[in-house]
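The block underneath contains the structure these notes are about, expressed in structure tokens.
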Amino acid sequence: MLDTSPLTLVVERFADRLRATPQSRLQRGAAAEALELARELAVRAQRLESAASAAEAGAAPGAAPARVVPDAGIFVVGDQVAVAGLDLAEALRATAAPAPDDAKAPSAMLDEAVRLVEQAEIRAMR
């Protein structure tokens, strides 16, 4: 089982910072950056979950449309980042091997997700 604690830690740190961020900074782009990140993390989690479901059913991975994280306002983006990030961490933990059409190993996907969160935090908090 893959240790996803690096992703969990950066996601929780960024989510906590967003929850404590003043409204003015959220309005200047921090919330938009966070929402974009939450949407990307959610899409990645959905892809992994879809591939895992298809593998269990013995079918080819389907191209079901991704569910999009809604824009629920600037004051909830911290929670949206937390939920999407923790969903991705759980999907990565449940993934034993790369999907046939995906050349990346779960550990590489984990490292990439950690970098995404760290870069989004830097952009949002400058």
Side-chain angles (χ1 to χ4, degrees):
M1 182 179 291
L2 182 65
D3 176 17
T4 59
S5 60
L7 178 58
T8 302
L9 290 172
V10 296
V11 162
E12 289 176 351
R13 180 187 65 216
F14 186 31
D16 287 344
R17 287 189 73 189
L18 286 164
R19 291 179 189 117
T21 298
Q23 179 178 355
S24 60
R25 177 173 280 175
L26 290 169
Q27 290 172 326
R28 285 192 310 261
E33 185 68 43
L35 179 59
E36 184 178 325
L37 173 67
R39 287 176 173 167
E40 179 61 27
L41 296 176
V43 166
R44 289 170 185 239
Q46 290 173 55
R47 274 192 220 130
L48 285 171
E49 291 165 352
S50 174
S53 294
E56 287 176 11
R67 295 172 307 278
V68 178
V69 174
D71 184 349
I74 64 172
F75 298 113
V76 298
V77 293
D79 293 332
Q80 289 175 311
V81 166
V83 169
L86 296 176
D87 282 351
L88 178 56
E90 184 60 34
L92 285 166
R93 265 194 303 277
T95 302
D101 62 339
D102 190 4
K104 291 184 185 174
S107 60
M109 290 186 268
L110 173 67
D111 293 342
E112 189 175 288
V114 168
R115 280 191 303 278
L116 278 175
V117 175
E118 290 171 338
Q119 292 167 355
E121 183 175 9
I122 289 167
R123 286 189 303 269
M125 296 301 158
R126 46 175 138 137

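Val117 and Ile122 fall into different hydrophobic clusters, defined by Ile, Leu, Val, Met, Phe, Trp and Tyr side-chain heavy atoms under 4.5 Å apart, directly or through other members. Both Leu92 and Val114 sit in one connected hydrophobic cluster of ILVMFWY residues. Membership requires side-chain heavy atoms under 4.5 Å apart, directly or through other members. Hydrophobic clustering, with ILVMFWY side chains joined whenever heavy atoms are under 4.5 angstrom apart, groups Met125 together with Val10. Both Leu2 and Leu41 are part of a single hydrophobic cluster, where members link through side-chain heavy atoms under 4.5 Å apart.
Considering all non-hydrogen atoms of both residues, Ala84 and Ala38 come closest at CB-O, 3.4 Å. The minimum heavy-atom distance linking Ala124 with Ala30 is given by the pair O-CB, 3.5 Å. Minimum heavy-atom separation, Val69 to Ala42: CG2-CB, 3.6 Å. Across all their heavy atoms, Leu26 and Ile74 have their closest contact at CD1-O, 3.7 Å.
To the nearest 0.5 angstrom, Glu40 atom CD is 8.0 Å from Glu112 atom CD. The CG atom of Leu88 lies 10.5 Å from the CD atom of Gln46; values are rounded to the nearest 0.5 Å. Atoms CZ and CZ, on Arg67 and Arg39 in that order, are 14.5 Å from each other to the nearest 0.5 Å. Between Met109 atom CE and Leu116 atom CG the span is 13.0 Å, to the nearest 0.5 Å. With rounding to the nearest 0.5 Å, the separation of CZ in Arg25 from CG in Leu18 is 10.5 Å. The distance from the CG atom of Leu110 to the CZ atom of Arg44 is 11.0 Å, given to the nearest 0.5 Å.
Residue pairs satisfying the side chain to side chain donor-acceptor pair (under 3.5 Å) criterion with at least one member in residues 75-87, sequence neighbours excluded, are listed as follows: Arg19-Asp79. For residues 4-13, every residue pair satisfying the side chain to side chain donor-acceptor pair (under 3.5 Å) rule, not counting sequence neighbours, is listed here: Asp3-Ser5, Thr4-Arg93, Arg13-Glu121.
By the 4.5 Å heavy-atom criterion applied to side chains, Val77 and Leu37 are not counted as neighbours.
Judged by distance alone, with hydrogens and angles left aside, the side-chain atoms of Thr95 form a donor-acceptor pair with the main-chain N or O of Ala91 at under 3.5 Å.
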